[in-house]
Number of protein chains: 2
Amino acid sequence: MEKRATIKEVAEKAGVSKATVSYVLNNTKKVSESTKERVLQAARELQYAPDFTAVSLTKKKSRMIGVILPLINESIAGIMQENTYYNEMISAVEKTSRENNYDILLAGLARPEDYRSWVQKRRLDGLLFLGLFPEGIYREMHSMDVPAVLIDTYESHTENYPAVNIDDEKGGWLAADHLISNGHDKIVFLSVDLDNPVEKERFQGCKRALKEAGLPPPAVMKAEDIHSFESGYEAGRQLFKEKKYTAVISGSDTTALGIIRAVHDGGGKTPEDLSVIGFDDLRLSRYVIPSLTTIRQHIEKKGTLAAEKLVRVMEGQEEQPEMVDVELIVRESTGKR
Amino acid sequence: MEKRATIKEVAEKAGVSKATVSYVLNNTKKVSESTKERVLQAARELQYAPDFTAVSLTKKKSRMIGVILPLINESIAGIMQENTYYNEMISAVEKTSRENNYDILLAGLARPEDYRSWVQKRRLDGLLFLGLFPEGIYREMHSMDVPAVLIDTYESHTENYPAVNIDDEKGGWLAADHLISNGHDKIVFLSVDLDNPVEKERFQGCKRALKEAGLPPPAVMKAEDIHSFESGYEAGRQLFKEKKYTAVISGSDTTALGIIRAVHDGGGKTPEDLSVIGFDDLRLSRYVIPSLTTIRQHIEKKGTLAAEKLVRVMEGQEEQPEMVDVELIVRESTGKR
DNA sequence: CACTTGCGGTGAACCGGTTAACCTTTCTAG
DNA sequence: CTAGAAAGGTTAACCGGTTCACCGCAAGTG
């Protein structure tokens, strides 16, 4: 229908040159009040909005930031469908970005080389990595000199990118300490991979708590992944069958829910048969039955902080890593031994 | 660090003109095998990826689609954090889009005029509306002739945009019928606004089921919104206090969870004290305790369908509305009267 | 009164691609 | 042997903005 108006049309309508229109709209050079008014009027009437693809070309800034999510089965669906952690994060990021006039592009990318070409193609001004990615990626990104902020990653991998973390060690400690003070001594730590820095930190925290209580390090049980209900369910089934432990520390609330369900299906009860402690404190965690004892991390705050940090980095400022505090939230899924 | 390579550099390196490079890369004109090889080689070595902002400018296509979410409190957070329905949808959309070489831009827009300028600024090739928006928006969009596909909206509003729906009437019917055949006759329908076409359809379905069973139309109870745990909790609290009804039909699984929790907190049990039936069948619905009886809509399928439809519309094809089937999933949150 | 200065504005190059029009060579056919 | 077509490239205009260099004119200066 209507064609979008261009700057040329606005210029003609206002009887000035393209340059003047640009100066007026960007407030980037002195223009007399009267012409300014004429230009603005014309722009308004034509419903003019500058074409960012053209602007990006000259300014070399797209005002878009890429938000990169981990893939499960070649798709971000795995993560977004199962674990609302990411959703809470994304919404916070979207909000902060919009407030700073950035649009966000959402993607899960498969092959490392896709990252580079994505950034190049879209001229992304910055990148937000949600979670841990293969190490090579960061180096690759670094070599193209694109601002980035990392969430939930540790220094060993970051190539000096600023990161936003939580205090995972403390989280692990809080979880273990809570269980210990409820009389548990047969505690198991559910883990996908203790080499993952996040899990490693949490595990360190657990160990420290147990040590402080004069107990040996916790047992470790392998899980398929840290995000899904199903992997929790599977773990829960085994734990309930073996009956070797009285408490389990799970990597996420989502997984905790799976464990609890498995215990239930096996005929057991939470926390009577198995105390379960989650991680994250998702929205739903206070509503499920039993509600989840969990380590709360302020997800929204983390997302906001990361986005703000990215904005500053894109503006050329130096930024330091930041650590968000965690907190133990005691609810119904854990109990006295 | 490294500057991104431009087509000019590739051309020089390969000893040909910019045009030739473009022809080779887009396979849009005959070029001899030998030159083609040289060009590809040069492109590879320089890690060249065409700049989409430049491409968009000439082709007048950005290969980006905008995904628009409803706002709660000026942010999409409200919806993404509470109700995973949207997340499941978005992931499906992202996947399908990527497969078709489109990137997605995520946004919740506040004022109607923002939509227009957003589309213009970003040169969006198409729009996906998730949910119902103020009527004026669609007209506005229509006037700019941008392809769009609507999800969960009904004709009265759509200005002839193709839409992807579920059979809400049937959903309502299935829910009511299930309850009736379990002996319930004091059923309440939880609703935000019966003028909302989605809710209206579901309510129609309920009424039909009750009528077919020789019962009067169901009572209606007002809820704050259809998406949040909290609005369910509030409703549940009241319902349990009044004890006038034996079963409630909720607008979403999220809300259902809130209801169940409220009953629990009041000292009651689900389904013994109140049968609760949800809508959506989210991932978590089979894991919570009690697991939710619900009307399943294949969310992922809906998202995929909608994205595919949008791709076709953007390619100039005519498209018809589509309706996805729903299905009753019986679990633990409903029981015999 | 001639000479700078400042104001308000314009022209044109440029960003990085695409593509229509055109130009050489070489091949084919009459 | 020559006209015409096909093959393989190149040139240059264009997309819609931004911005640098420059320009005309009125006001200020010595």
Quick check: any donor-acceptor pair below 3.5 Å linking the side-chain of [X] to the base of [N]?
{"X": "A:K8", "N": "D:dG16", "value": "no"}
{"X": "B:K29", "N": "D:dG9", "value": "yes"}
{"X": "B:Y23", "N": "D:dA7", "value": "no"}

May I have the distance from [X] (atom [atom1]) to [N] (atom [atom2]), rounded to whole angstrom?
{"X": "B:E33", "N": "D:dG8", "atom1": "CD", "atom2": "P", "result": "9 Å"}
{"X": "B:F52", "N": "C:dC15", "atom1": "CZ", "atom2": "C1'", "result": "17 Å"}
{"X": "A:I7", "N": "C:dT10", "atom1": "CD1", "atom2": "P", "result": "12 Å"}
{"X": "A:L57", "N": "D:dC15", "atom1": "CG", "atom2": "C1'", "result": "9 Å"}
{"X": "A:R63", "N": "D:dG17", "atom1": "CZ", "atom2": "C1'", "result": "16 Å"}
{"X": "B:R123", "N": "D:dC15", "atom1": "CZ", "atom2": "C1'", "result": "7 Å"}
{"X": "B:N27", "N": "C:dT19", "atom1": "CG", "atom2": "C1'", "result": "15 Å"}
{"X": "B:L25", "N": "D:dG9", "atom1": "CG", "atom2": "P", "result": "15 Å"}

Whichever of B:K18 and A:K59 has its nearest DNA chain D nucleotide further upstream toward 5' =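 Its nearest nucleotide lies further toward 5', so the answer is B:K18.
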From C-beta outward on [X], which listed nucleotide comes closest to its side chain: [options]?
{"X": "B:T58", "options": "D:dC15, D:dG17, C:dG8", "result": "D:dC15"}
{"X": "A:T6", "options": "C:dC15, C:dG17, D:dG17", "result": "D:dG17"}
{"X": "B:A54", "options": "C:dG16, D:dT11, C:dG8", "result": "C:dG16"}
{"X": "B:K30", "options": "C:dA12, D:dG8, D:dT18", "result": "D:dG8"}
{"X": "A:S17", "options": "C:dG11, C:dG8, C:dC15", "result": "C:dG11"}
{"X": "A:A19", "options": "C:dA12, D:dT18, C:dG17", "result": "C:dA12"}
{"X": "B:K60", "options": "D:dG8, C:dG9, D:dC15", "result": "D:dC15"}
{"X": "A:V31", "options": "D:dG9, C:dG9, C:dT19", "result": "C:dG9"}
{"X": "B:V55", "options": "C:dT18, D:dT10, D:dT18", "result": "C:dT18"}

B:Q41 and B:R44 side chains, donor-acceptor separation under 3.5 Å |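 Judged by distance alone, the side chains do pair up.
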Please determine, by modelled atom types, if B:Y154 and B:N196 share a side-chain donor-acceptor pair under 3.5 angstrom.
->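 Their side chains do not contain a donor-acceptor pair, so the 3.5 Å distance test is not met.
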Under the side-chain hydrogen bond (donor to acceptor under 3.5 Å, both in side chains) rule, what do A:Y23 and A:K18 come out as? Steps first, then yes or no, please.
-> CA-CA 9 Å; A:Y23 289 133; A:K18 281 181 3 178; over 6 Å; no
Phosphate OP1/OP2 of [N]: any [X] side-chain N/O under 4.0 Å:
{"X": "A:T35", "N": "C:dG8", "answer": "no"}
{"X": "B:T20", "N": "D:dT10", "answer": "yes"}
{"X": "A:Y48", "N": "D:dG17", "answer": "yes"}

Using a 4.0 Å heavy-atom cut-off, does [X] contact any base of the nucleic acid, only the sugar-phosphate backbone, or nothing at all?
{"X": "B:S22", "value": "base"}
{"X": "B:T28", "value": "nothing"}
{"X": "A:V21", "value": "nothing"}

Walk me through it: do A:K121 and B:D103 pass the test salt bridge (charged side-chain N to carboxylate O under 4.0 Å, His left out)?
-> CA-CA 11 Å; A:K121 279 198 304 216; B:D103 269 313; over 6 Å; no
B:R98 with B:E94: basic N within carboxylate O range, under 4.0 Å |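 Result for this pair is yes, salt bridge flagged.
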Before accepting this row, confirm whether a basic side-chain N of the pair A:D51/B:R122 lies closer than 4.0 Å to the acidic partner's carboxylate O.
->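 Salt bridge absent between A:D51 and B:R122.
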Report, as yes or no, whether the 6.0 Å neighbourhood of atom CD on B:E74 holds more than 12 heavy atoms from other residues, nucleotides or ligands.
->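 12 or below, so no.
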If each of B:D51 and A:R38 is mapped to the nucleotide of DNA chain C with the nearest heavy atom, which maps nearer the 5' terminus, i.e. the 5' end?
->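 Result: A:R38.
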